[in-house]
Peer 1: 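Supplied in structure tokens, the structure appears directly below.
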Amino acid sequence: MVQAIRMALHVAEERHGVTDIFGEDVGAPLGGAFTATQGLKTAWNSPLDERGIVGASIGLGLAGCRNVAEIQFCDYAFNTIDLLKLAGMMHWASNGDWNCPMTIMTPVGSGIRGSIYHSHSFDATATHLPGFKIMMPSNPRDAYGMLLSCVVDPNPSFFLVPKALLRVRAQPGEEIPGEPGDDKALSKLIDAPLGDRSKWQPQWPDTPDLFVPFGEARTVRQGNDLTVVSYGRTLPLCAKAADELSAEGIEAEVIDLRSLWPYDWERIVESVRRTGRVLYVNEDTEVTNFGEHLIRRTVEELFYELVAPPRLLAGKHVPGIGLADSLEMATVPQLPSITESIRALAKTSA
Amino acid sequence: MVQAIRMALHVAEERHGVTDIFGEDVGAPLGGAFTATQGLKTAWNSPLDERGIVGASIGLGLAGCRNVAEIQFCDYAFNTIDLLKLAGMMHWASNGDWNCPMTIMTPVGSGIRGSIYHSHSFDATATHLPGFKIMMPSNPRDAYGMLLSCVVDPNPSFFLVPKALLRVRAQPGEEIPGEPGDDKALSKLIDAPLGDRSKWQPQWPDTPDLFVPFGEARTVRQGNDLTVVSYGRTLPLCAKAADELSAEGIEAEVIDLRSLWPYDWERIVESVRRTGRVLYVNEDTEVTNFGEHLIRRTVEELFYELVAPPRLLAGKHVPGIGLADSLEMATVPQLPSITESIRALAKTSA
Amino acid sequence: MSSLRPVPTSPEAELSPELLVQLHELMVKARVLEERLIQMYKQGDGYFWIGGPGEEAFNVPLGLLIERGQGPQYDYCHFHYRNSGTLLAMGADPVDALRQMKNTATDPYSGGRNFVGHYSKREWNVVPVSSPIEVQYSMAPGTALAQKRAGGRGITIVTGGDAGTAEGDFATCMIWSSRPANPLPVLMIVTNNKWGISTSWAGQHGEKRIADRGKGFGIESKTIDGNDPEIAYREIKAAMEYVRTERKPFLLEALVSRLNGHSSASGANRATDEADCLQGFERRMEERGLLTRARMDELRAQYNTELQAAHRRIKDEPQPDPATITDHIFSEKDLVSEGRGDK
Amino acid sequence: MSSLRPVPTSPEAELSPELLVQLHELMVKARVLEERLIQMYKQGDGYFWIGGPGEEAFNVPLGLLIERGQGPQYDYCHFHYRNSGTLLAMGADPVDALRQMKNTATDPYSGGRNFVGHYSKREWNVVPVSSPIEVQYSMAPGTALAQKRAGGRGITIVTGGDAGTAEGDFATCMIWSSRPANPLPVLMIVTNNKWGISTSWAGQHGEKRIADRGKGFGIESKTIDGNDPEIAYREIKAAMEYVRTERKPFLLEALVSRLNGHSSASGANRATDEADCLQGFERRMEERGLLTRARMDELRAQYNTELQAAHRRIKDEPQPDPATITDHIFSEKDLVSEGRGDK
Ligand SMILES: Cc1ncc(C[n+]2csc(CCOP(=O)(O)OP(=O)(O)O)c2C)c(N)n1
Ligand SMILES: Cc1ncc(C[n+]2csc(CCOP(=O)(O)OP(=O)(O)O)c2C)c(N)n1
Ligand SMILES: [Mg+2]
Ligand SMILES: [Mg+2]
């Protein structure tokens, strides 16, 4: 996925007027803590100051410069919520006078044994900030198409990157058009070499514009027994759990929400009307969680069509994710807990 | 209510070891933007720096100094969420080695025509921060007893002050023991005079220790038709609406949640089991809202006992509250919308 | 651009009599506007007042010297809530401030959504003023970066008070503007009135001069008497010239008065212990024979009448429609990019 | 308190041979510990390494000079993640660092919850180290305020890197410590290794010396060679003495090396272009006849053996029980207040 992001950023600066891709260690020589910004011509290193990063992103946006600002880990964005709020209200507070095109790109979630401060989620916080559009991919092609959508949108946007999926490859048939099918070949073209990089130039494959529309979810698996709605790291786990449960005769429909704001309510409605059961899965802490919003809306609009209580499977309400594997596994949803939740919901009698 | 807060702070510094009450304009001569800290011996003015305020509060707590740090308006706490997270995880991250006694006191919510930046709510944000205890009063005596509970607790706490209720007086029979029944008499004792205050000394009435326990809600009105759960500014409105609807034959039970974390789930369960209908009311923006957590838990545990979908009435998902009265009224719950929501829920057929 | 714009003078030169008269006129206009707004507050025609009486000697020259226009070739303005004099000098219609005071639907700055003094005018690069103290200093490097890249003489101007410099954003602005990799054309202004609401500067600030904070970063800086419009004009002009040509930051601290307290929250009454820049300037103008007392009284009376009439007029303008609260959460068009083209 | 604590020397005096030998011993111990931790990372006995190889010449003297104990009469320590040498010099058992590296349940600093180098020890006033850069500078004034009020000679020590000074928290610490109303006994330390992960100091920092940033606030400050333990010892001692007696802040910048890159994320391999403080010190100790090469090799071998054995031992210590994730969210008792009593 990290290469998909890099290719999208390349297209963004070549064809969509992005003037600045910046943040801590975003420029040469490193090209980002996860290599997402290697070899990009408009990438530069900022001071170690998240408030400055978000502030500069807003300022650039106000000056009409499309930009992608990276917060190295979303864990370090929590001293900027006021500035993010400000960005989200620029258009509204000026009664439509100003807009502010800007994209905040930041790795989120668990999965790399990141301990307390490299494992936070940001979806609850982001969805509570009016005025932002929010995307979160679960596969490389979506990452590519979402980032481009964020970049060309005239509004502030969050591009939340599930860091656990950064090394994930495209499923067959889901590649980005134009990328060499062979991973090694792609790596040779656009991954910076180890050692001295001062003379290295990436060879960008010719990839087309591709936009994942805001507010459009994707049904990754069909089923009539229950509906599972997820995004990011937990999405592939939901799909896997659903596949496995098929053997037990449980056919779960799995929806990748993709766009968290605006979100594809119609698709959820259609599915839950059919299944009568819905499980929302994410890994943010479970109190005042975005999945709880989706449950609220579900009971508000679909109460009489539910045959079992709608469920949330999310991260435990604890201050952080502990470093030890045993602690991380017990804190955020994993394949076993997802499987068990789907199974339990499928079996809940009406 | 503002005098109840001041008296609690006086008791806190006299009898409960509070060493510092501080924040912007908290000390002499002003004694707080809302006069909540007038005449207190440990009150002092800080630099205009919320990060410094929260940081100092943590540092004091770590050094064993109980302290109350004020953020002048909760609208200005959003650049300190990282520090608040840190406070909330001090005990947990050190595996029980350190604790951090500190109280963040901050006015929240609408009701004073405060426009965009003096009207924010903080309950959604606070409840998403593990490790904090959270109190929010709806009347003077509760304010007094909650603040004292926050102060003596060994953990970080939020004391969220509904600014719309700051001038509200105690209902008959709900006074703080020891306070002169007569408002004018109390004002003469403890309100700073206009003009030169340099020689003024407050005459504190002798008020006792009184602790509102964390996790204990209060049923302010009984009824068997539906349950209304609220706190802060909207609580008295809910009670009023319920009283009025009695004439229509609708008897709503109204619960003042008071303690947002931990919260009194047993009381809600008992009531909803009886009524089968529940409305949650608060004024934070409605997406990823604490009321949605309560709804999630309601459907998780009480689904089969509900006779109508549980409802949330909250603030609109807009970037701020506009200054004009017409805008404020349309943005956050008011008596008419609360009345209408109760009526509608009571009439929803099973 | 604007007919108000004066002919350039060299920084050292005496200001021309015409310019002095123009400065005076705008200072009076700004003062009368603030007095009217306070009046509106006291009469219940607005919930809250905050503004800049006492800062006219600084804010008016600032407004006159700003290169007004849209896009990076012009100056970007990141103001705080005391810049009404600056807006007037830039050419704003004072009636619009009255509209914002009364939160009418016709308020061009926020449509009745925001407090008075919270200007927003994309046409002139005036970014939305917002209440949180000091955040403008974190945003300023962004517009300046766009200007540095665009070339030309456009600069970014950011203003704020003394107490607010305690926020980290003030340091952020210095750090980002003085990066050796890419210094930025930011004119950082602090109007030091020695107060943050009720809190005196004296107990809270270890620095002798706020301007000194620039020195550690190698940022040129100066502290000036902001109560004298002639000094202010010359010094702002010199500082701007430095920023425009060197494409580097400058930190300018202006010592000013706060004539009506912090805001309506503290009563908005006239302070007796603060120097009044307008009085001082009028005395000098009279002494030099550039204006007579009668002419000045007449001017004030004229503005007074005009704004009183305007006040009456806008009283009946409509309040915002409640249904509009959800308007403009998202923009359909990229207004700022479309507006970037030079003109 | 600790038997490691040396007899006071006057700031100017030469350090005694005994102290020099003790400094060397601890520097070796600290270096061997870091090498062991890196080894553990490379062998898969830990997910992440970060630490202080290259900073021993500064961190060890610092640890020796800290007044170790609990409560405001002793020094409060707000450290960052490169202070292993300081902890060792204060008397910490290196095995505990191995435990944190392997995130065992026996890790006394976090019970397997936090990264290595994230110390916490209430008994010694070491507040929990946390990963977010620079937040410790915002908390430091709080403990210093308690100490100022308590009287005595206890001070607050806060450490961090060079790049992190760009965060507003660094300014916050200076502002809050230098308030004229109540200056605070804070020793602000910056270990400047010229890098923030991959980002070079040169492009990002307009200040010549970080220490210069104190000047605007009237804060005493100094930049020293942190690669020389003798200089470091004397200068830390002098700075501490100033803070202890004047009850005012001091800003000390130490120029240090980063010997193994930023962390395991950048490979943790030995850099070839950075001066090694230990090598330099050993050369001088040999020249002065205070230690022989053989004795030094022996010492190193001895620590190596010890830590290798410890590594083997802790490998089998239990991992945290998953059910404990909800332990210690809230404290039942006010531990810090109970622990405040002087002793
Ligand atoms: C971040 C933030 N904190 C607190 C406030 C409340 N407040 C409004 S004005 C003010 C004082 C500002 O003082 P100064 O910066 O000196 O500007 P002045 O009003 O004196 O021009 C305060 C504390 C705010 N608006 N924003
Ligand atoms: C607030 C925050 N932002 C970003 C990071 C990621 N990060 C970890 S260390 C580091 C560089 C720190 O550089 P410096 O302050 O010079 O300390 P050094 O590591 O060089 O000792 C960064 C950016 C972080 N931990 N915290
Ligand atoms: Mg001021
Ligand atoms: Mg460094």
Side-chain angles (χ1 to χ4, degrees), chain B residues 16-17 19-20 22 27 42 44-67 69 79-80 82-102 130-133 151-157 214-215 261-262, chain D residues 71-72 76 78 105 107-114 118 120-123 125-130 132 135-147 149-150 156 168-169 171-173 175-176 179 181-182 320 324-341:
Chain B
H16 299 291
T19 56
D20 296 87
F22 67 106
T42 66
W44 51 276
N45 289 327
S46 78
L48 204 174
D49 174 18
E50 289 75 17
R51 294 187 64 72
I53 293 170
V54 175
S57 176
I58 301 175
L60 283 165
L62 293 175
C65 296
R66 290 182 183 174
N67 67 89
N79 61 339
T80 69
D82 61 324
L83 292 170
L84 296 169
K85 283 177 89 77
L86 208 59
M89 69 169 68
M90 210 51 89
H91 187 59
W92 184 91
S94 66
N95 205 25
D97 186 27
W98 286 86
N99 72 303
C100 190
M102 59 185 275
F132 268 86
K133 299 192 177 176
V151 155
V152 301
D153 197 89
N155 298 286
S157 60
F214 286 101
W261 198 270
Chain D
Y76 279 102
H78 299 260
D107 151 26
Y109 306 123
S110 72
R113 291 175 174 188
N114 218 337
H118 288 55
S120 164
K121 202 169 172 70
R122 184 163 51 88
E123 218 188 316
N125 277 352
V126 176
V127 315
V129 173
S130 75
V135 290
Q136 66 272 28
Y137 289 87
S138 280
M139 296 185 283
T143 51
L145 181 54
Q147 292 172 311
R149 189 157 44 215
T156 285
D169 304 85
T172 286
C173 193
I175 289 165
W176 285 67
R179 289 171 65 230
N182 198 11
T324 62
I325 59 167
T326 52
D327 291 355
H328 306 303
I329 294 176
F330 291 115
S331 179
E332 298 303 316
K333 288 206 301 184
D334 199 347
L335 308 162
V336 292
S337 303
E338 288 168 13
R340 268 198 56 176

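Excluded from the calculations below are hydrogen atoms, water molecules and symmetry mates; all remaining heavy atoms, backbone and side chain alike, are included. Naming convention: chains lettered A, B, ... in sequence-line order (proteins, then strands); numbering from 1 in each chain.
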Peer 1: With respect to chain B, which residue among D:Val127, D:Thr326, D:Asn114 yields the maximal number of heavy-atom pairs within a distance under 4.5 Å?
Peer 2: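 If we count pairs closer than 4.5 Å to chain B, D:Val127 comes out on top.
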
Peer 1: Show the numbers, then the answer: is there a side chain to side chain contact (heavy atoms under 4.5 Å, CB included) between D:Trp176 and B:Ile53?
Peer 2: CA-CA 9 Å; D:Trp176 285 67; B:Ile53 293 170; 3.8 Å; yes

Peer 1: Just give me the residue among D:Val129, D:Asp169, D:Thr156 that pairs up with chain B most often, heavy atom to heavy atom, under 4.5 Å.
Peer 2: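 It is D:Asp169.
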
Peer 1: If every non-hydrogen atom of B:Gly52 is compared with every non-hydrogen atom of D:Thr172, which pair is closest and at what distance?
Peer 2: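 Taking every non-hydrogen atom into account, CA-CG2, 3.5 Å.
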
Peer 1: For chain D, which of B:Pro47, B:Ala56, B:Gly131, B:Pro130 has the most heavy-atom pairs under 4.5 Å?
Peer 2: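 Looking at each of B:Pro47, B:Ala56, B:Gly131, B:Pro130 in turn, B:Pro47 comes out on top.
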
Peer 1: Applying side chain to side chain contact (heavy atoms under 4.5 Å, CB included), run through B:His91 and D:Leu335 and close with a yes or a no.
Peer 2: CA-CA 10 Å; B:His91 187 59; D:Leu335 308 162; 4.0 Å; yes

Peer 1: Between chain D and each of B:Asp20, B:Leu83, B:Asp82, count heavy-atom pairs under 4.5 Å; write down the option with the most.
Peer 2: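 Top count of heavy-atom pairs under 4.5 Å with chain D: B:Asp20.
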
Peer 1: Among B:Val152, B:Leu60, B:Asn99, which has the most heavy-atom pairs under 4.5 Å with chain D?
Peer 2: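 Result: the option with the highest number of such pairs is B:Asn99.
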
Peer 1: Identify the two heavy atoms, one from B:Asp97 and one from D:Ser120, that lie closest to each other, and give their separation to 0.1 Å.
Peer 2: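 Looking at all heavy atoms of both residues, the shortest contact is OD2-OG, 3.0 Å.
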
Peer 1: What part of B:Ile58 is in contact with chain D, defined as an atom under 4.5 angstrom from a non-hydrogen atom: side chain, backbone, both or neither?
Peer 2: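 Just its side chain gets close to chain D.
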
Peer 1: Using every non-hydrogen atom in the two residues, find where D:Thr143 and D:His78 come nearest and quote the distance to one decimal.
Peer 2: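 Looking at all heavy atoms of both residues, the shortest contact is OG1-NE2, 2.9 Å.
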
Peer 1: Determine, step by step, whether D:His118 and D:Ser110 satisfy the side chain to side chain donor-acceptor pair (under 3.5 Å) criterion, reporting the C-alpha distance in whole Å, the side-chain angles of both residues, the deciding distance to 0.1 Å, and the verdict.
Peer 2: CA-CA 8 Å; D:His118 288 55; D:Ser110 72; over 6 Å; no

Peer 1: Using non-hydrogen atoms and a 4.5 Å limit, figure out which bit of B:Asp153 sits close to chain D: side chain, backbone, both or neither.
Peer 2: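 Nothing of B:Asp153, per the 4.5 Å heavy-atom cut-off to chain D.
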
Peer 1: For D:Gln147, which atoms come within 4.5 Å of any heavy atom of chain B: side chain, backbone, both, or neither?
Peer 2: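 Nothing of D:Gln147, per the 4.5 Å heavy-atom cut-off to chain B.
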
Peer 1: Check each atom of B:Phe22 against the heavy atoms of chain D and say whether the ones under 4.5 Å are side chain, backbone, both or neither.
Peer 2: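 Side chain of B:Phe22 only, per the 4.5 Å heavy-atom cut-off to chain D.
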
Peer 1: For B:Asn155, which atoms come within 4.5 Å of any heavy atom of chain D: side chain, backbone, both, or neither?
Peer 2: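 B:Asn155 touches chain D through side-chain heavy atoms alone.
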
Peer 1: Report which part of D:Phe330 has an atom under 4.5 Å of a heavy atom belonging to chain B: side chain, backbone, both, or neither.
Peer 2: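 Both parts, backbone and side chain.
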
Peer 1: Which one, B:Ser57, B:Gly17, B:Ser46, leads in non-hydrogen pairs under 4.5 Å with chain D?
Peer 2: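 Looking at each option in turn, the highest pair count goes to B:Ser46.
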
Peer 1: Of the non-hydrogen atoms in B:Pro101 and B:Asn67, which two are nearest, and what is the gap between them?
Peer 2: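 Nearest pair, atom of B:Pro101 first, then B:Asn67: O-ND2, 3.6 Å.
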
Peer 1: Please name the pair of heavy atoms, one in B:Trp98 and one in B:Leu62, separated by the smallest distance, quoted to 0.1 Å.
Peer 2: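 B:Trp98 and B:Leu62 have their closest heavy atoms at CZ3-O, 3.2 Å.
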
